[in-house]
Amino acid sequence: MTTTTKVILGLVGAAAVGAAVGMLLAPEKGSDIRQNIKDSAGKWSDKLSEMWQNGKKTAEKASSRIQTEM
């Protein structure tokens with residue numbers, strides 16, 4: 001895992017934790033907070049999955065180009 005990947009994952013993780021803590025400290029009913037956390041986690045999961053797929057495609061294209069040039 002490269003340094004850039006580690007930094008990006010660290011930032012994403014920190015943002016997720018910050019969002020969860022912010023929701024927990026908000027003056028809302030517990031059931032509303034749990035639903036908000038569940039919804040946010042689903043959105044984060046979808047975005048991370050999309051980012052992973054885009055990165056995988058980019059890496060495959062780069063690998064293909066390198067093999068073609070050799």
Give the C-alpha distance, both sets of side-chain angles, the deciding distance and a yes or no for side-chain contact (heavy atoms from CB on, under 4.5 Å) between Ile8 and Met51. CA-CA 11 Å; Ile8 290 171; Met51 288 172 60; 4.1 Å; yes

Find the distance between [atom1] ([X]) and [atom2] ([Y]) and round it off to the nearest 0.5 Å.
X: Gln35; Y: Lys38; atom1: CD; atom2: NZ; value: 5.5 Å
X: Lys47; Y: Lys43; atom1: NZ; atom2: NZ; value: 8.0 Å
X: Lys6; Y: Leu11; atom1: NZ; atom2: CG; value: 14.5 Å

Does a side-chain heavy-atom distance below 4.5 Å link Gln67 with Ser63?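 They are in contact (side-chain heavy atoms under 4.5 Å apart), so the answer is yes.
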
Would you say the side-chain atoms of Thr68 pair up with the backbone N or O of Ser64, donor to acceptor, closer than 3.5 Å?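 Here the side-chain-to-backbone pair exists.
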
Between Ala15 and Trp44, what is the shortest heavy-atom contact and its length?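 Heavy atoms only, the tightest pair is CB-CH2, 3.6 Å.
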
